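For reference, the structure is listed below as structure tokens.
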Amino acid sequence: MPDHADLLVVERVLPSDGSMSLATAWDLHMMYNVGGRERHAEHYARLFADAGLTLVDRSPLPLDGHVLHVRKADPTRQ
């Protein structure tokens with residue numbers, strides 16, 4: 001991934017406050033059928049950081065979806 005590239009991830013992110021969300025039912029379906037996991041935005045940020053990336057922004061979509069905007073982490077900021 002070149003330094004100037006943006007990565008966009010479309011995902012249902014669990015709300016941090018525990019409020020009702022379609023993400024819960026969808027995650028249950030994914031866990032049962034393909035071994036998926038429930039993830040909050042903070043968990044995604046840690047996963048991206050472990051891969052040398054930074055979660056820049058999160059934009060809502062219909063039906064509890066989100067676009068996670070990710071870029072390469074700036075090594076000079078660590």
Side-chain angles (χ1 to χ4, degrees):
M1 178 175 171
D3 291 339
H4 65 277
D6 289 328
L7 173 65
L8 301 177
V9 177
V10 176
E11 184 59 87
R12 283 191 171 107
V13 179
L14 287 173
S16 297
D17 63 4
S19 61
M20 295 292 292
S21 169
L22 289 174
T24 306
W26 187 251
D27 285 346
L28 181 60
H29 167 74
M30 295 299 289
M31 283 189 290
Y32 178 77
N33 289 307
V34 296
R37 290 184 152 187
E38 293 185 317
R39 301 190 196 279
H40 296 88
E42 298 80 22
H43 192 184
Y44 280 104
R46 286 193 312 268
L47 288 172
F48 293 138
D50 289 347
L53 303 168
T54 300
L55 178 58
V56 176
D57 196 13
R58 183 177 75 170
S59 301
L61 294 172
L63 299 174
D64 285 340
H66 286 84
V67 175
L68 306 176
H69 182 187
V70 182
R71 289 190 181 138
K72 272 191 172 178
D74 182 356
T76 61
R77 300 178 108 193
Q78 296 178 6

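Quick caveat, the model's predicted, so the values are computed rather than measured.
Taking CG of L55 as the reference point, atom CD of E42 lies at 9.5 Å (rounded to 0.5 Å). Between the CG atom of L53 and the CG atom of L68 there is a distance of 12.0 Å, given to the nearest 0.5 Å. Here the straight-line distance linking atom CZ of R46 with atom NE2 of H40 works out to 10.0 Å at 0.5 Å rounding. Atom OG of S59 is separated from atom NE2 of H69 by 9.0 Å, given to the nearest 0.5 angstrom. A distance of 11.5 Å separates CG of L7 from OG1 of T54, quoted to the nearest 0.5 Å.
There is a path of hydrophobic side-chain contacts, each under 4.5 Å, that joins L8 to V10. M1 and L47 end up in different hydrophobic clusters when Ile, Leu, Val, Met, Phe, Trp and Tyr side chains are linked at under 4.5 Å.
Remark: R12 does not engage D64 in a salt bridge, criterion side-chain N to carboxylate O under 4.0 Å.
Every side-chain contact (heavy atoms from CB on, under 4.5 Å) that P60 has, sequence neighbours left out, goes to H66.
Across all non-hydrogen atoms, the minimal contact from V56 to R71 is CG2-CG, 3.9 Å.
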